[in-house]
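The structure appears right after this line, and notes come after that.
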Amino acid sequence: YCPACGGDRRTAVFEKYSFSFAGCDDCKTIYMSPRPSIAVMSDYYLNSENYKFWAERIFPSTEAARKEKIHKPWLKRIIGYCEKYMVPKGVIVEVGPGFGTFASVVKDSNIFEKIVAIEPTPEMASACRNRGIDVVEKRIEDIDDSLKDVDVLVSFETIEHLFDPRIFLCRAASLLKKGGLLVLSCPNGLGFDISLLGPVSWAVDSEHVNLFNPKSLSRLVDSCGFETLDVETPGRLDAEFVREASLRGEHDLSCDKFLRKVLLDEWDTLGWPFQKFLAENGLSSHMWLVARKI
């Protein structure tokens with residue numbers, strides 16, 4: 001069944017790494033079908049050598065750049081949402097904090113009264129604790145009621161990994177105060193990069209079992225005790241990804257004179273304006289959603 005709307009009418013769209021992906025005929029969500037069981041997925045995130053390697057090698061070596069270019073702008077965006085929707089800067093929870101860089105930026109800013117991280121992967125949870133972050137080392141679906149009355153719950157690049165995102169969202173709603181904010185970021189399955197490249201897109205991989213789109217994610221969120229307030233697609237890399245795939249010979253633009261002109265022949269002058277057009281019109285393959293608990 002579709003993870004967004006629950007519909008059972010689907011069309012096969014592509015395969016990658018021996019996994020099959022279907023598109024919902026109703027809400028257009030792309031999802032892995034069949035997907036690994038809950039037990040297999042839980043075991044993977046608890047014992048993954050991949051995440052251990054990232055925690056020990058990749059994240060530490062790239063943290064300074066990611067903090068300045070990614071995580072500080074994220075915090076500025078979250079603060080803007082709080083001010084726009086008049087939500088107190090009290091308790092903020094991050095679900096799936098990974099190495100803990102964003103949580104540490106929040107902690108160091110002293111803007112919120114408290115930051116809590118929910119992280120089931122042991123290496124990532126340990127990395128967060130080493131920064132002085134309060135950590136609940138469980139999946140959000142498994143935590144008890146000791147954590148509640150949350151003002152803001154954020155989850156970046158996580159919901160696309162979940163076996164059952166509806167359970168995740170319902171649990172998030174139970175933690176938030178009435179009027180509290182939910183902020184999600186994830187791939188947009190109907191964005192330019194994914195729509196054009198399909199399985200060649202980097203956003204399509206063995207871990208991304210749900211590729212929602214602005215309408216389908218809003219529909220899912222609104223069915224779990226929230227009111228969607230805003231959906232944006234602020235992605236900046238779609239045009240570059242498609243251009244690079246074409247230059248590598250992984251995607252053929254020879255039959256599309258317009259895209260060849262924009263992405264290849266006149267890239268230096270047209271590339272960034274075209275990317276801005278995608279982002280401003282809901283067409284980038286990366287999206288943010290903001291919702292309020294009702």
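Quick note: residue numbers are just sequence positions, from 1. As the structure is a prediction and not an experimental result, all values here were calculated from the model.
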For this session: Run the numbers on D164 and I38 for side chain to side chain contact (heavy atoms under 4.5 Å, CB included), then give the verdict.
Result: CA-CA 9 Å; D164 193 335; I38 295 176; 5.7 Å; no

State whether the side chain of [X] and the backbone N or O of [Y] hold a donor-acceptor pair below 3.5 Å, judged by distance alone.
| X | Y | result |
| --- | --- | --- |
| H208 | A203 | yes |
| S126 | P122 | no |
| K16 | P199 | yes |
| T29 | C24 | no |
| S195 | L190 | yes |
| H286 | R236 | no |
| D222 | T228 | yes |
| K293 | A173 | yes |

Taking the side chain as C-beta and beyond, is there a heavy-atom pair between [X] and [Y] under 4.5 Å?
| X | Y | answer |
| --- | --- | --- |
| L220 | R166 | yes |
| T11 | D25 | yes |
| P97 | I133 | no |
| C224 | C170 | yes |
| V150 | V116 | no |
| V154 | W74 | no |
| L259 | L196 | yes |
| S284 | Q275 | yes |

Ignoring hydrogens, what is the shortest heavy-atom contact between [X] and [Y]? Give both atom names and the distance.
| X | Y | value |
| --- | --- | --- |
| C128 | G100 | SG-CA, 3.6 Å |
| V13 | I30 | CG2-CG2, 4.0 Å |
| C186 | I159 | CB-CG2, 3.8 Å |
| V200 | E250 | CG1-OE1, 3.4 Å |
| M287 | L217 | CE-CD2, 3.8 Å |
| V262 | L270 | CG1-O, 4.0 Å |

For this session: Take D26 and C2, measure what side chain to side chain contact (heavy atoms under 4.5 Å, CB included) needs, and give me the verdict at the end.
Result: CA-CA 9 Å; D26 183 11; C2 172; over 6 Å; no

Within this structure, what is the [atom1]-[atom2] distance for the pair [X] and [Y], rounded to the nearest 0.5 Å?
| X | Y | atom1 | atom2 | result |
| --- | --- | --- | --- | --- |
| F156 | E94 | CZ | CD | 5.5 Å |
| S285 | N213 | OG | CG | 11.0 Å |
| L176 | I294 | CG | CD1 | 12.5 Å |
| K215 | K28 | NZ | NZ | 10.5 Å |
| L184 | L169 | CG | CG | 6.5 Å |
| E157 | E207 | CD | CD | 12.0 Å |

For this session: Specify whether F21 and F14 have parallel, tilted or perpendicular ring planes, treating 30° as the upper limit for parallel and 60° as the lower limit for perpendicular.
Result: tilted

For this session: Look at the rings of Y81 and W288 and say which category their plane angle falls in: under 30° parallel, 30 to 60° tilted, over 60° perpendicular.
Result: tilted

Considering only NZ, NE, NH1 and NH2 on the basic side and carboxylate oxygens on the acidic side, decide whether [X] and [Y] come within less than 4.0 Å.
| X | Y | result |
| --- | --- | --- |
| E141 | R171 | no |
| R131 | E63 | yes |
| K177 | D151 | yes |

Exercise. Passes side chain to side chain contact (heavy atoms under 4.5 Å, CB included), V221 versus F212? Steps please.
Worked result: CA-CA 11 Å; V221 167; F212 299 107; over 6 Å; no

Problem set entry | Sole residue of I115, T101, I79 in side chain to side chain contact (heavy atoms under 4.5 Å, CB included) with V106 | I115

For this session: Evaluate whether atom CH2 of W202 has more than 12 neighbouring non-hydrogen atoms of other residues, nucleotides or ligands under 6.0 angstrom away.
Result: no

Exercise. Any ring-ring contact (aromatic ring centres under 6.0 Å, His included) pairs touching residues 111-150, not counting sequence neighbours?
Worked result: none

Problem set entry | same_hphob_cluster(L175, V87) at 4.5 Å side-chain heavy-atom cutoff | no

For this session: Please lay out, stage by stage, how D149 and V91 fare under the test side chain to side chain contact (heavy atoms under 4.5 Å, CB included).
Result: CA-CA 8 Å; D149 294 331; V91 179; over 6 Å; no

